[in-house]
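In the text below, chain A, chain B and the rest are named by the order of the sequence lines, each starting its count at 1.
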Amino acid sequence: MKAKITGVDLISYKPNTKKSLLTNMWKFRALYVIALPGILYFIIFKYVPLAGSVIAFQNYNIFKGFTGSEWVGFEHFRTMFQYQDFGRILSNTILLGLYDLIFAFPAPIVLALLLNEIRLVFYKRFLQTVVYMPHFLSWVIVSGIALGILSPGTGIVNQVLQAFGFEPIYFLGENSYIRTILISSGIWRDSGYGTIIYLAALAGINPDLYEASEVDGAGRWKQTMAITLPSLIPTIMILFLLHIGRFLDLGFERVWVFLNALNTGNGEILDTYIYKAGLLSQQYSYTTAVGLFKSVVGLILVLIGNILSKKTTGESLY
Amino acid sequence: MRGRYTRGQNLFNVFNLFFLTALALAMFLPFLNVIAQSFSSSDAIINGKVGLLPKDFTAINYQYVFSDRSIWRAFGVSVYITVLGTAINLIATSSLAYPVSRQEFVGRKYIVMMVLFTMVFSAPLIPNFILIKNLGLMNSLWSLMLPGAISAFNFFVMRSFFMQLPQELIDSSRIDGCGELRIIVSMVLPLSKPVMASLGIFYAVGHWNTYMSALYYINKPSLWPLQVMLKKLFETDDISVDPASSVYSSLAHTSPEGIKMAVIIVATIPIIMIYPFLQRHFVKGMMVGSVKS
């Protein structure tokens, strides 16, 4: 990358004056014309809705539009925090986010370390192929498979339970199981795929390090602790930061496909609530406030995480 | 590479092999069960006799699925948005990524920042919904293809690919009198086949799995893509759903479980078919994407 920049400096398209800037732009006008639709795309589909978020501070009326609707300041945010169910939904979201962080985030790291220890190259490839696969199934299909195997009447899990003399359990019909189901289906679908990046980092470790440590008499466990894990820290840190930014963002689909009337108590998260209250009950301004709250929390978490990470490990997103 | 193994290490190796094999089975067995159910008779399923192999082998579930016009239509909608949507994705992403990757493009930093910002901070659902409504895209398949035309992440992947193309190559064709368009068509595009293929496959999988935006923006059952259709189908025995609203109440009498499982298989087949291509490309794709720029 460095070499590239110096190469370009030699050619030097850098315009010195305003006039040469314009000449330069005219010379390469094709580039600007080609870029225009993409720029328009980001303005229309990303920045216009961002500006449209002002309706969180209005009583938005779909007929009056942004300009005609009355301004109410932070009223919707106040309602949000006073609303009883909001507390429950927020704590569901936080709990699920925490469980995801504790159980789902380390899963690919452990899996990658174990896969890395497999010495039979062909078998390793085979295992990788199998564990990557679920990632490409949609959440709807994952939930369909889960519904099938967890069904109290016909599901294979309950058949096994019954074979051992247990009563069949309606897993998806109870509040007490929904979090476990959400987290474990997340691990089932994505942990294999998550190993890719760690395996690549592991492949990049200098083999000399291992040889040197072997000469010093380190066993494989010691090597893992002293060489392998520390080499993974930068990758882990970056992925951790990205994960933290999406802490409240379990993903609408992932949760929605598992929700039913019997498990919303523990399963409802901000995203599904926004959809229900916002789109289905048309409380536009109020749910925009909820969504804005979620985005702002995400942004703050990224910023804090980035500062902490910069201080402790020197790694950062920007 | 890592020398002789002690007894403890050998023990670990054996354990590790078994553990990972068990894990891989855990990834695969649910799927096997789905296949088995899809080929089993309704009696066998209801009595809970189907394990990993079909019981009372029958293809009747598939017959229902293939004779159902709404499933065919949903399949068609999914194919349509996957093909057209992916084409739009690739054209839109590359036509922004290429200029922004060139040193001659003044202001490329601002565009990079503009894209980066949307990755950390994005608008809530409702303003997006209002936008789609105001653009008149409700109940139009464009609402599934246009709003996601450029993924910020893929934009960065493509941009770093284009940045690797040697500047000398482009300069020399300029000296030979090529215009910018000519350079793109005859030099850049042929060279960017690998990145196009890998991102194209990613985009295509995304379109095939589209559920959320269709749920938000499409109310007409005739325009539902496969995933929405599937979800409705799963809801037929769900207590939270009014049975009258379900599209599948008529089929539900026969062998609801078996039919559901058959539809899962039908909806998964396209992914399974492109999986070999997919696997070849996604590791590379992930790597390019993880390079910080």
Name the region of A/Val257, side chain, backbone, both or neither, that has any atom closer than 4.5 Å to a heavy atom of chain B. both
Portion of B/Gln227 that has a non-hydrogen atom of chain A nearer than 4.5 angstrom: both
Interchain contact, A/Val54 with chain B, by part (heavy-atom threshold 4.5 Å): neither
Yes or no on side chain to side chain contact (heavy atoms under 4.5 Å, CB included) for B/Leu52 and A/Ile156, after CA distance, side-chain angles and deciding distance? CA-CA 9 Å; B/Leu52 300 176; A/Ile156 193 167; 4.1 Å; yes
Contact origin within A/Ser191 toward chain B - heavy atom pairs under 4.5 Å: side chain
Given that the side chain runs from C-beta out, which part of B/Leu20 has a heavy atom under 4.5 Å from chain A: side chain, backbone, both or neither? both
Proximity breakdown for A/Tyr60 and chain B, heavy-atom pairs closer than 4.5 Å: side chain
For A/Pro134, is it the side chain, the backbone, both or neither that has a heavy atom under 4.5 Å from a heavy atom of chain B? side chain
State whether a side-chain donor-acceptor pair under 3.5 Å links A/Thr129 with B/Tyr275. no
Review item, side-chain donor-acceptor pairs of residues 117-132 of chain B, under 3.5 Å, at least two apart:
residue: B/Thr118; atom: OG1; partner: B/Val115; partner atom: O; Å: 2.6
residue: B/Asn128; atom: ND2; partner: B/Ala123; partner atom: O; Å: 3.4
residue: B/Asn128; atom: ND2; partner: B/Pro124; partner atom: O; Å: 3.1

Worked verdict on B/Tyr110 versus A/Ile39 for side chain to side chain contact (heavy atoms under 4.5 Å, CB included): CA-CA 11 Å; B/Tyr110 298 105; A/Ile39 297 170; over 6 Å; no
If you count the non-hydrogen atoms of other residues, nucleotides and ligands that lie under 6.0 Å from CZ in A/Phe126, is the total more than 12? no
Let's go through A/Phe28 and B/Arg174 carefully: what are the C-alpha distance in whole Å and the side-chain angles of both, what is the deciding distance for side chain to side chain contact (heavy atoms under 4.5 Å, CB included) to 0.1 Å, and is it a yes or a no? CA-CA 11 Å; A/Phe28 297 111; B/Arg174 275 193 194 126; 3.3 Å; yes
Of all of B/Leu146, B/Ile111, B/Val34, which one pairs up most often with chain A through heavy atoms under 4.5 Å apart? B/Leu146
Give me the ring orientation class for B/Phe202 and A/Phe136: parallel if the planes are under 30° apart, tilted from 30 to 60°, perpendicular past 60°. tilted
Which region of A/Leu115, side chain (C-beta onward) or backbone (N, CA, C, O), has a non-hydrogen atom less than 4.5 Å from a non-hydrogen atom of chain B, or is it both or neither? both
Using non-hydrogen atoms and a 4.5 Å limit, figure out which bit of B/Thr210 sits close to chain A: side chain, backbone, both or neither. neither
Take a 6.0 Å sphere around CZ of B/Phe19 and say whether it holds more than 12 heavy atoms from other residues, nucleotides or ligands. no
B/Ala36 versus chain A, heavy atoms under 4.5 Å apart: side chain, backbone, both or neither? neither
Top contributor to chain B contacts, counting heavy-atom pairs under 4.5 Å, from A/Gly38, A/Gly291, A/Pro49: A/Pro49
For chain A, find which of B/Tyr98, B/Phe12, B/Phe155 contributes the most heavy-atom pairs closer than 4.5 angstrom. B/Phe12
Do other residues, nucleotides or ligands put more than 12 heavy atoms under 6.0 Å from B/Arg182 CZ? no
Under 4.5 Å heavy-atom distance to chain A, tell me which part of B/Met261 shows up: side chain, backbone, both or neither. side chain
Is B/Ile184 in contact with chain A via its backbone, its side chain, both, or neither, using a 4.5 Å heavy-atom distance? side chain
Could you please spell out the steps behind the side chain to side chain contact (heavy atoms under 4.5 Å, CB included) verdict for B/Arg102 and A/Leu31? CA-CA 9 Å; B/Arg102 299 264 59 95; A/Leu31 292 182; 4.2 Å; yes
Top contributor to chain A interface from B/Gly206, B/Pro147, B/Ala267, B/Gly148 [non-hydrogen pairs under 4.5 Å]: B/Pro147
Interface residue of largest heavy-atom contact number with chain B, from A/Ala30, A/Gly52, A/Gly144, A/Gly148, under 4.5 Å: A/Gly144
Does the ring center of A/Phe252 lie less than 6.0 Å from the ring center of B/Tyr216? yes
Based on non-hydrogen pairs under 4.5 Å, which of B/Leu230, B/Leu135, B/Asn33, B/Val205 is most in contact with chain A? B/Asn33
Which atoms of B/Leu215 approach chain A - backbone, side chain, both or neither, heavy atom under 4.5 Å: both
Between B/Leu23 and chain A, with a heavy-atom cut-off of 4.5 Å, which part of the residue counts as in contact: side chain, backbone, both or neither? side chain
What residue, out of A/Met133, A/Lys124, A/Met25, has the most heavy-atom pairs lying under 4.5 Å from chain B? A/Met133
